[in-house]
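Working notes, beginning with the structure itself.
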Amino acid sequence: MKNYILLFSLFMLLSCSTTSDSVGTNPGDVFTEWNIPVDQIRDGGPGKDGIPSIDNPQFINANDATFLSENDLIVGIVQNGEARAYPHIILDWHEVINDEINGSFFTLNYCPLTGTAFAWESASNNERTTFGVSGLLYNANLIMYDRNTDSNWSQLQLECVNGVLINEKPKLYSVIETDWNTWQSLYPNTQVLSLETGFSRNYGVSPYGDYATNNNRFIFRPEITNPALPNKERIYAIIDGDKSKVYQFSDFSNGKAIVDSFNNKDYLIYGNSDLIYGFELEGDYSNLTFEVNSDNNSEVFFTDNENNKWSVFGKAIEGPRTGESLTPVKSVMSYWFAIAAFYPNPEIYAAP
């Protein structure tokens, strides 16, 4: 079994070693139309569903997740009052989790090559479906396919790029990427994706080696690179149409709430050394002033001058606005190079 795991890891790395070959079968010969350049689509190596999605995820209680260390990164979601955490060490090997919480069906997707995670409704053509890994990449980023129509979806472009649903956009669910210690402190009753995935993988070892920590190592080089920041710096990016603005962890190291403007809209961006997230400020919310909560053992992540207490997902859980929610912004944690490739010349926040 150990030999099988090592061989599989080696196959994953070697099959992704090229930086110049496009898809083995020209997409233009198989499908009628793509809305991204066909000559920039790459064959990831393992093939369609070669990286298997998890379609029947199993969960355990936080106290039983002893395989996680405090600094391990997770992607967290709260849906219909239930919190769940999806560890990177599992996502690295599967990339797509088709899940359901109390009647809400969604696909949690993560691309290890760009460090980007989203959750979106598991639907296509107005019908419930699941998504899988297509085996193709664009700008080093995951392309998924839906099992209802076999259309292809670019994760970071947030769009169907090929097939009968071309140009359609998914309905997004709010997710937060942070470390296990922070998430468990905010949601001690969280469920955690189990290592019992139905697949035999060495979840303690990344199939991509030192890729996440080696700033100059690309497995697939994007069409555009931007030297303004280190390639693999983790940043938080607001996405508005074809534009983006990014925020660095150094802006929030001591815990800070920043009210900022971008593309003629006002935003609240808050964070600390462990996470960054944001909301669009509409109506009288733009008149509030916010402050990050210093109590790390509370669901309350920030407060305002009206004495409202807000969760990390922007829901008022105490105070005169209890039950109200701030408007989530289309955003993602990402490696810098990926945002610069998909949204060229992104604006970088600079403190006044």
Side-chain angles (χ1 to χ4, degrees), residues 16 18-51 53 94-98 106-173 175 218-225 237 239-244 330-332 334-335 337-346:
C16 293
T18 178
T19 59
S20 58
D21 294 339
S22 58
V23 284
T25 299
N26 186 347
D29 296 336
V30 181
F31 303 105
T32 57
E33 182 183 4
W34 291 77
N35 67 6
I36 56 177
V38 172
D39 62 353
Q40 296 176 20
I41 301 170
R42 302 289 182 255
D43 183 346
K48 192 172 185 177
D49 289 322
I51 298 174
S53 62
H94 295 282
E95 302 188 10
V96 174
I97 316 293
N98 292 295
F106 59 92
T107 297
L108 191 292
N109 48 82
Y110 173 70
C111 180
L113 297 180
T114 53
T116 48
F118 293 94
W120 63 50
E121 186 177 39
S122 297
S124 67
N125 207 25
N126 298 316
E127 295 181 6
R128 187 167 23 131
T129 190
T130 59
F131 287 79
V133 178
S134 73
L136 303 177
L137 300 165
Y138 172 57
N139 272 327
N141 179 246
L142 167 69
I143 294 178
M144 289 173 286
Y145 76 98
D146 73 78
R147 293 182 173 126
N148 182 21
T149 72
D150 208 35
S151 298
N152 288 299
W153 302 70
S154 170
Q155 188 215 34
L156 198 43
Q157 190 157 307
L158 293 168
E159 188 173 60
C160 180
V161 293
N162 160 258
V164 298
L165 301 181
I166 192 167
N167 298 323
E168 288 200 13
K169 300 181 185 303
K171 176 185 175 182
L172 297 180
Y173 288 53
V175 296
F218 283 110
I219 296 176
F220 291 86
R221 183 172 291 275
E223 292 300 315
I224 299 172
T225 56
I239 299 169
D240 188 8
D242 61 353
K243 296 180 173 59
S244 180
K330 186 184 295 183
S331 61
V332 67
S334 174
Y335 294 140
F337 83 84
I339 293 299
F342 275 85
Y343 304 94
N345 300 312

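By convention here, the first residue in the shown sequence is residue 1.
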Run L158 and K169 through side chain to side chain contact (heavy atoms under 4.5 Å, CB included) and show every step you take. CA-CA 6 Å; L158 293 168; K169 300 181 185 303; 5.9 Å; no

Taking it one step at a time, do N125 and L165 satisfy side chain to side chain contact (heavy atoms under 4.5 Å, CB included)? CA-CA 7 Å; N125 207 25; L165 301 181; 3.9 Å; yes

Begin with the C-alpha distance, continue with both residues' side-chain angles, and end with the deciding distance and a verdict on side chain to side chain contact (heavy atoms under 4.5 Å, CB included) for I224 and F342. CA-CA 8 Å; I224 299 172; F342 275 85; over 6 Å; no

Report the C-alpha distance between N98 and F131 in whole Å, list the side-chain angles of each, state the deciding distance to 0.1 Å, and finish with yes or no for side chain to side chain contact (heavy atoms under 4.5 Å, CB included). CA-CA 7 Å; N98 292 295; F131 287 79; 4.2 Å; yes

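For the residue pair F218 and P222, the shortest heavy atom distance occurs at CE2-CD, 3.7 Å. Across every non-hydrogen atom of G241 and Y343, the tightest pair is O-CE2, 3.5 Å. Here the closest heavy-atom approach between residue S334 and residue A338 is recorded as OG-CB, 3.6 Å. Nearest approach of T129 to S124, heavy atoms of both residues: CG2-OG, 3.6 Å. Shown here for F106 and A119, the closest heavy-atom pair between the two residues is CD1-CB, 4.3 Å. The heavy-atom pair separating K330 from L172 by the smallest distance is CG-CD1, 3.9 Å.
Within the model, atoms CG of L136 and OG of S154 stand 11.0 Å from one another, a figure rounded to the nearest 0.5 Å. Rounding to the nearest 0.5 Å gives a distance of 10.0 Å between CZ of R128 and OG1 of T130. To the nearest 0.5 angstrom, N139 atom CG is 8.5 Å from I36 atom CD1. If you take CD on E121 and OH on Y173, they are separated by 4.5 Å, rounding to the nearest 0.5 Å. Separation of atoms CD1 (I339) and OG (S244) is listed at 5.0 Å; rounding is to 0.5 Å. Residue L137 holds its CG atom at 10.0 Å from CD1 of I41, rounded to the nearest 0.5 Å.
Side chain of E95 to backbone of I51: no donor-acceptor contact under 3.5 angstrom is found.
Residues R147 and S53 meet the side-chain proximity criterion, which asks for heavy atoms closer than 4.5 Å. Taking 4.5 Å as the limit, some side-chain heavy atom of T114 sits within range of a side-chain heavy atom of F337. Side-chain contact between V161 and Y138 is absent, with no heavy-atom pair separated by less than 4.5 Å.
W153 pairs with exactly one of T107, N162, N109, D146 by the side-chain hydrogen bond (donor to acceptor under 3.5 Å, both in side chains) rule, that one being D146.
In summary, E223 and R42 engage in a salt bridge, as defined by a charged side-chain N under 4.0 Å from a carboxylate O.
Other residues, nucleotides and ligands contribute only 12 or fewer heavy atoms inside 6.0 Å of the CG atom of N345.
Residues meeting the ring pair (Phe, Tyr, Trp, His ring centres under 6.0 Å) test with Y145, sequence neighbours left out: none.
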